[in-house]
Amino acid sequence: MEVKETDFFDQVFKVVRLIPEGRVTSYGAIAKYLGAPTSSRIVGYAMNASHSQKEKVPAHRVLNRNGQLTGKHHFSNPFMMQELLEKENIIIKNDTVQDFNNHYWDPTFELSL
DNA sequence: GTAATGACCTTGG
DNA sequence: ACCAAGGCCATTA
């Protein structure tokens, strides 16, 4: 089964796609939700593979713990990520999401509710 | 098969 | 409070 990259990736994509509009989450939150709080890097790597996925993944809603647009450079255009987020009523300044705590969407909290 | 890198986070000094 | 290093899993060279 070469089509199966890894279950971890699939899980990450699934959670990322569940992120509602106007909400953002962090890699560590997803990793923790998947049961791998220390494997936060894998989540970021999964986003890197998101381009390979058929279904589009709202990777622009996934930021780091600092609320910083670390992977904006990986998009079609570095500004695309910021534009997409701004379109969702999310304010971004200096490549950093303002009111990050207010827009933070924790899967372990929302999905575990 | 080994080594290095990566859209990160946690812990130690 | 700030700075530094380690760890994690998977992919690529």
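Below, chain A is the first sequence line, B the second, and so on; all start at residue 1.
Using a 4.0 Å cutoff on non-hydrogen atoms, the parts of residues 72-82 of chain A near DNA chain B are A:H74, A:F75, ordered by number.
In this structure, A:I42 atom CD1 and B:dT5 atom C1' are separated by 12 Å, rounded to whole Å. When rounded to the nearest whole Å, the span between CG of A:N48 and C1' of C:dA10 equals 11 Å. Rounded to whole Å, atom C1' of B:dG6 lies 6 Å from atom OH of A:Y45. For the pair A:L34 CG and C:dC8 C1', the interatomic distance rounds to 14 Å; values are reported in whole Å.
Residues forming a salt bridge (Lys or Arg N to Asp or Glu O under 4.0 Å) with A:D95 (at least two apart in sequence, or on another chain): A:K72. For A:F75, there are no ring pair (Phe, Tyr, Trp, His ring centres under 6.0 Å) partners at least two apart in sequence or on another chain. Residues meeting the salt bridge (Lys or Arg N to Asp or Glu O under 4.0 Å) test with A:E83, sequence neighbours left out: none. Listed by chain and number, the residues in a side chain to side chain donor-acceptor pair (under 3.5 Å) with A:T25 amount to none (sequence neighbours excluded).
At distances below 3.5 Å, at least one donor-acceptor pair connects side-chain atoms of A:D106 with backbone N or O atoms of A:T108. Not one N or O on the side chain of A:S52 forms a donor-acceptor pair closer than 3.5 Å with the backbone of A:S50.
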Worksheet item: If the sugar-phosphate is the primed atoms plus P, OP1 and OP2 and the base is the rest, what is the B/S/- string for nucleotides 8-13 of chain B, using protein heavy atoms under 4.0 Å?
Response: BS----
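Taking the side chain of A:S50 as heavy atoms from C-beta on, and the options C:dC8, C:dT12, B:dA7, the nearest nucleotide is B:dA7.
When all heavy atoms are compared, the tightest approach of A:Y27 to A:S40 is CB-O, 3.9 Å.
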Please tabulate, for side-chain N and O atoms in residues 54-66 of chain A, each donor-acceptor pair with protein atoms closer than 3.5 Å (sequence neighbours left out).
residue: A:R61; atom: NE; partner: A:E88; partner atom: OE1; Å: 3.2
residue: A:R61; atom: NE; partner: A:E88; partner atom: OE2; Å: 3.3
residue: A:R61; atom: NH1; partner: A:I19; partner atom: O; Å: 2.7
residue: A:R61; atom: NH2; partner: A:E88; partner atom: OE2; Å: 2.8
residue: A:N64; atom: OD1; partner: A:N66; partner atom: N; Å: 3.3
residue: A:N64; atom: OD1; partner: A:G67; partner atom: N; Å: 3.0
residue: A:N64; atom: OD1; partner: A:Q68; partner atom: N; Å: 2.5

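Counting non-hydrogen atoms under 4.0 angstrom, A:A59 reaches a base of the nucleic acid. Residue A:H60 is classed as having no contact, given no heavy-atom separation below 4.0 Å to the nucleic acid.
Under the ring-ring contact (aromatic ring centres under 6.0 Å, His included) criterion, no residue pair touches residues 34-57 of chain A, with sequence neighbours excluded. Contacts classified as salt bridge (charged side-chain N to carboxylate O under 4.0 Å, His left out) and involving residues 12-22 of chain A (residues at least two apart or in different chains) are not found. Pairs passing the salt bridge (charged side-chain N to carboxylate O under 4.0 Å, His left out) check and including a residue from residues 26-35 of chain A, sequence neighbours excluded, do not occur.
The C1' atoms of B:dA7 and C:dA4 are separated by 22 Å, rounded to the nearest whole Å.
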Short heteroatom pairs, N/O only, protein and nucleotides 3-5 of chain C, under 3.5 Å:
none

